Amino acid sequence: MYGKVLVTGSSGHLGEALVSTLQARGHAVVGVDLLPGAHTHRVGTIADRAFVREAMAGVDVVLHPATLHEPHVATHSRQEFIDTNLTGTLNLLEEAVAGGVRAFVYTSTTSVFGDALVPPPGEPAAWITEDVRPEPKNIYGVTKAAAEDLCQLFQRNQKLPCIVLRTSRFFAEEDDDREARASFSDANLKANEFLYRRVDIEDVVEAHLRAVERAPALGFGRYIVSATTPFARADMARLRADMAGTLRDRVPGFEPEYARRGWQLPAGIDRVYVNARAREELGWRPRHDFADVLARLQAGGTVLSPLAERIGAKGYHAESFEDGPYPVESH
């Protein structure tokens with residue numbers, strides 16, 4: 001047993017998944033969120049130090065997915081990103097040290113890589129491991145990368161075991177790219193992404209629980225949490241312009257199911273996320289890769305796992321937008 005677990009952002013996608021999974025396994029959990037919800041026990045902002053201190057009473061483990069997300073970049077100020085993503089994380093770290101927390105898991109994002117994800121025209125697709133230097137392209141990426149560094153600082157100076165998980169896409173919402181929405185069905189897009197830039201929320205939850213278990217021994221680490229790709233580094237040049245041909249070599253059985261559904265692949269892709277370090281050092285065993293999705297589809301299921309289907313799409317804003325699920329802006 002983990003002892004008492006604090007989960008931030010418990011009314012959100014991952015927060016709900018973490019709270020419900022932990023409770024189902026018999027763990028004591030306190031969920032905190034700015035918004036009320038079925039899995040939220042305390043309503044308040046992590047930017048409020050007093051609220052954090054009160055919520056942290058008796059806590060042994062902190063799981064911290066609460067954040068302002070990339071969809072908020074066009075609708076929230078930079079200061080709001082600083083307040084939530086940085087000040088909120090700092091408050092949690094300081095109270096974790098004060099309370100003797102034994103494991104702190106910070107949910108980061110592959111968005112911290114930013115411009116490093118898109119190679120120049122004519123170059124091979126990017127093979128994205130933890131060794132790639134982040135180049136954040138907006139305030140979201142900047143604050144997430146800085147919060148990662150805060151976690152490293154607290155592990156080094158205060159000896160708080162901290163694990164950073166850089167998660168790829170796991171949301172059920174439709175894609176924000178208008179051209180992608182026009183060219184592919186939503187299920188087709190998500191199935192394609194399991195090849196290189198998506199992870200199922202069920203596997204994200206398991207990565208967090210493995211991080212809790214490994215944190216005391218590891219001290220600190222940054223890990224990419226994404227579905228296991230069938231591609232190899234040697235495929236990167238070909239993948240930039242011939243995804244279908246490359247996949248045909250790696251997963252030869254995919255074509256009948258795609259043809260039956262009228263699905264297609266993009267001509268090429270620009271990056272592949274690599275989860276080898278998380279599998280090796282955390283002992284994480286993701287279940288949902290492209291082959292698993294394909295088998296589920298062939299059996300009459302859906303692209304997403306039952307847990308992902310149950311949580312569904314929550315949206316990121318109270319209001320709706322005419323041009324997509326949320327406005328896209330980088331600043």
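If you're wondering where the values come from, they're calculated on a predicted model, not measured in any experiment. By convention here, the first residue in the shown sequence is residue 1.
Looking at heavy atoms from C-beta onward, R277 lies in side-chain contact with D131 at the 4.5 angstrom threshold. In this structure, the side chains of P286 and R279 come closer than 4.5 Å at one or more pairs of heavy atoms.
Looking only at atom types and distance, the side chain of S226 has no donor-acceptor partner in the side chain of N275 under 3.5 Å away. No side-chain N or O of H41 forms a donor-acceptor pair with one of S10 less than 3.5 Å apart. Under 3.5 Å, the side chains of D200 and S305 contain a donor-acceptor pair of N or O atoms. The closest side-chain donor-acceptor pair between T302 and E309 falls under 3.5 angstrom. Between the side chains of N192 and Y258, at least one donor N or O lies within less than 3.5 Å of an accepting N or O. One side chain, H13 or E173, offers a donor N or O that lies under 3.5 Å from an acceptor on the other. A side-chain N or O of T67 and one of N85 form a donor-acceptor pair less than 3.5 Å apart. In the model, S168 has no side-chain atom that pairs as donor or acceptor with a side-chain atom of T110 under 3.5 Å. At a cut-off of 3.5 Å, with distance as the only test, no side-chain donor of N91 or E95 sits close to an acceptor on the other residue.
Rounding to the nearest 0.5 angstrom, the gap separating the CD1 atom in I224 from the OG atom in S108 is 10.5 Å. Rounding to the nearest 0.5 Å places OG1 of T107 at 6.0 Å from CG of L165. Here CD of E94 is found 10.0 Å from CG of L92. Values are rounded to the nearest 0.5 Å. With rounding to the nearest 0.5 angstrom, the OG1 atom of T87 is 11.5 Å from the CG atom of D48.
Electrostatic pairing of R181 and E179 does not count as a salt bridge here, judged by no charged N lying under 4.0 Å from a carboxylate O. Under a 4.0 Å N-O distance rule, the pair E213/R210 qualifies as a salt bridge. Under a 4.0 Å N-O distance rule, the pair R287/D292 does not qualify as a salt bridge. One finds no salt bridge joining E206 and R285 here, because no Lys/Arg side-chain nitrogen approaches an Asp/Glu carboxylate oxygen to under 4.0 Å. Looking at K144 and D149, no side-chain N of the basic residue comes within less than 4.0 Å of a carboxylate O on the acidic one, giving no salt bridge. Using a cut-off of 4.0 Å between Lys/Arg side-chain N and Asp/Glu carboxylate O, D175 and R169 are scored as salt-bridged. Look at R260 and E257 and you find a salt bridge, because one of the NZ, NE, NH1 or NH2 atoms lies within 4.0 Å of a carboxylate O, short of that distance. In this structure, R238 pairs ionically with D249, as a charged nitrogen and a carboxylate oxygen lie closer than 4.0 Å.
Taking the six-membered ring for Trp and thresholds of 30 and 60 degrees, H64 and F104 have ring planes more than 60 degrees apart, a perpendicular arrangement.
Exactly one residue among R166, K137, R222 makes a side chain to side chain contact (heavy atoms under 4.5 Å, CB included) with V112. That residue is R166.
Judged by a 6.0 Å distance limit and a 45° cone about the ring axis, R214 is not positioned over the six-membered ring of Y223. Taking the ring centre of F171 as origin, the terminal cationic atom of R198 falls inside the region bounded by 6.0 Å and 45° from the ring axis.
Closest heavy-atom contact between V97 and F154: CG2-CD2, 3.7 Å.
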Go through Y106 and E148 one step at a time and tell me if the side chain to side chain donor-acceptor pair (under 3.5 Å) criterion holds.
CA-CA 8 Å; Y106 176 64; E148 289 186 11; over 6 Å; no

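Enclosure of atom CZ in R233 is not indicated, since only 12 or fewer non-hydrogen atoms of other residues, nucleotides or ligands lie within 6.0 angstrom. Within a 6.0 Å radius of CD in E54, other residues, nucleotides and ligands contribute 12 heavy atoms or fewer.
Residues near V142 contribute nothing to a hydrophobic cluster around it, because no ILVMFWY side-chain heavy atom sits closer than 4.5 Å to its side chain.
A distance-only check finds a donor-acceptor pair linking the side chain of N188 to the backbone of Q264 [under 3.5 Å].
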